[in-house]
Amino acid sequence: QVRLVESGGGSVQTGGSLRLSCAASGYTASSNCMGWFRQAPGKEREGVAFIYTGDGSTYYADSMKGRVTISQDNVKITLYLQMNTLKPEDTAMYYCAADRRSTDTCPLSWDSASEYDYWGQGTQVTVSS
C-alpha cells in the first residue's frame with residue numbers, strides 16, 4: 001500500500017521560508033512523476049512543483065516559480081519542497097502527489113491533479129503579514 005506523508009508545514013511571517021517533506025513508502029513505480037499541489041480555502045487545488053524521479057527533471061508552475069525548489073532523496077524515497085520569500089497568498093494546505101505509473105517523463109499536463117493517483121494528507125502552511 002502506497003503512503004505519502006507530508007511534514008514541515010507551519011506558520012511563518014512574510015518573507016520567511018519553509019521546507020516541506022514527503023516520505024513515500026510502498027512504492028512499485030521505479031521512475032515516475034511526483035510533485036506538490038496546494039489548495040487555499042475556497043480555491044481549486046493548483047500545482048506548484050513537480051519532479052521526474054528517473055532523472056531529476058523539474059517542472060514549476062507559475063504560481064511560485066522562482067521561490068520554490070523541488071528535490072528528491074532517492075535513498076530515503078523522500079520529496080522536498082523548499083519555499084522562500086513566502087507571501088500571505090501562499091497560505092494553503094500543501095499536498096504531495098505521485099503518479100502510480102512508471103514513465104519516461106512527467107506527463108504533458110504535469111500540473112493537473114487528474115494525472116496523480118496517490119496523495120498525502122496535506123500539511124498546512126500559513127503566512128502572516
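Residue numbers count from 1 along this sequence.
- For A97, the side chain to side chain contact (heavy atoms under 4.5 Å, CB included) partners at least two apart in sequence or on another chain are F37, Y116, W119.
- The side chain to side chain donor-acceptor pair (under 3.5 Å) test applied to S112 returns S114, not counting sequence neighbours.
- Considering only residues two or more places apart in sequence or on other chains, D73 meets the salt bridge (Lys or Arg N to Asp or Glu O under 4.0 Å) condition with none of them.
- D104 is linked by a side chain to side chain donor-acceptor pair (under 3.5 Å) to nothing, counting only residues two or more places apart in sequence or in another chain.
- Within the structure, salt bridge (Lys or Arg N to Asp or Glu O under 4.0 Å) contacts touching residues 12-23 (residues at least two apart or in different chains) do not occur.
- Taking 4.5 Å as the limit, every side-chain heavy atom of S31 sits out of range of all side-chain heavy atoms of S102.
- Each salt bridge (Lys or Arg N to Asp or Glu O under 4.0 Å) pair with one or both residues in residues 116-129, not counting sequence neighbours, appears once here: R100-D117.
- Placement of M64 and V125 within a single hydrophobic cluster is found when ILVMFWY residues are connected by side-chain heavy-atom separations under 4.5 Å, directly or transitively.
- Take T58 and apply the side chain to side chain contact (heavy atoms under 4.5 Å, CB included) test, not counting sequence neighbours, and it matches I51, Y60, I70.
- At a threshold of 4.5 Å between side-chain heavy atoms, the hydrophobic network of Ile, Leu, Val, Met, Phe, Trp and Tyr places V12 and L20 in one connected group.
- Scored by the side chain to side chain donor-acceptor pair (under 3.5 Å) test, S109 finds E115 as partners (sequence neighbours excluded).
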Exercise answer: donor-acceptor pairs, residues 84-96 side-chain atoms, under 3.5 Å, sequence neighbours excluded:
residue : atom : partner : partner atom : Å
N84     : OD1  : S17     : OG           : 3.0
N84     : OD1  : Q82     : NE2          : 2.9
D90     : OD1  : R38     : NH1          : 2.9
D90     : OD1  : R67     : NH2          : 3.0
D90     : OD2  : R67     : NH1          : 2.7
D90     : OD2  : R67     : NH2          : 3.4
D90     : OD2  : K87     : N            : 2.7
T91     : OG1  : P88     : O            : 2.9
T91     : OG1  : V127    : N            : 2.9
T91     : OG1  : V127    : O            : 3.4
Y94     : OH   : R38     : NH1          : 3.1
Y94     : OH   : D90     : O            : 2.6

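- Annotation: disulfide bond (SG atoms under 2.5 Å apart) contacts involving residues 100-129, sequence neighbours excluded, comprise C33-C106.
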Task: Stepwise side chain to side chain contact (heavy atoms under 4.5 Å, CB included) check, L4 with M34 - done: CA-CA 11 Å; L4 302 176; M34 296 182 67; 4.2 Å; yes
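- Of the possible donor and acceptor atoms, one in the side chain of T53 sits under 3.5 Å from a partner among the backbone N and O of N32.
- Annotation: side chain to side chain donor-acceptor pair (under 3.5 Å) contacts of S57 (sequence neighbours excluded): D55.
- Put simply, OG on S25 and CD1 on I77 are 8.0 Å apart, with the number rounded to the nearest 0.5 Å.
- Of all heavy-atom pairs spanning A23 and T78, the tightest one is CA-OG1, 4.2 Å.
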Task: Stepwise side chain to side chain contact (heavy atoms under 4.5 Å, CB included) check, C22 with W36 - done: CA-CA 9 Å; C22 172; W36 293 91; 3.7 Å; yes
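- For T103, the side chain to side chain contact (heavy atoms under 4.5 Å, CB included) test picks out Y52, D99, R101, with sequence neighbours left out.
- Judged by distance alone, with hydrogens and angles left aside, the side-chain atoms of T123 form a donor-acceptor pair with the main-chain N or O of G9 at under 3.5 Å.
- You'll find the side chain of T69 stays beyond 4.5 Å of the side chain of L81, heavy atoms only.
- D111 is not listed as a side-chain neighbour of Y59, based on a closest heavy-atom distance of 4.5 Å or more.
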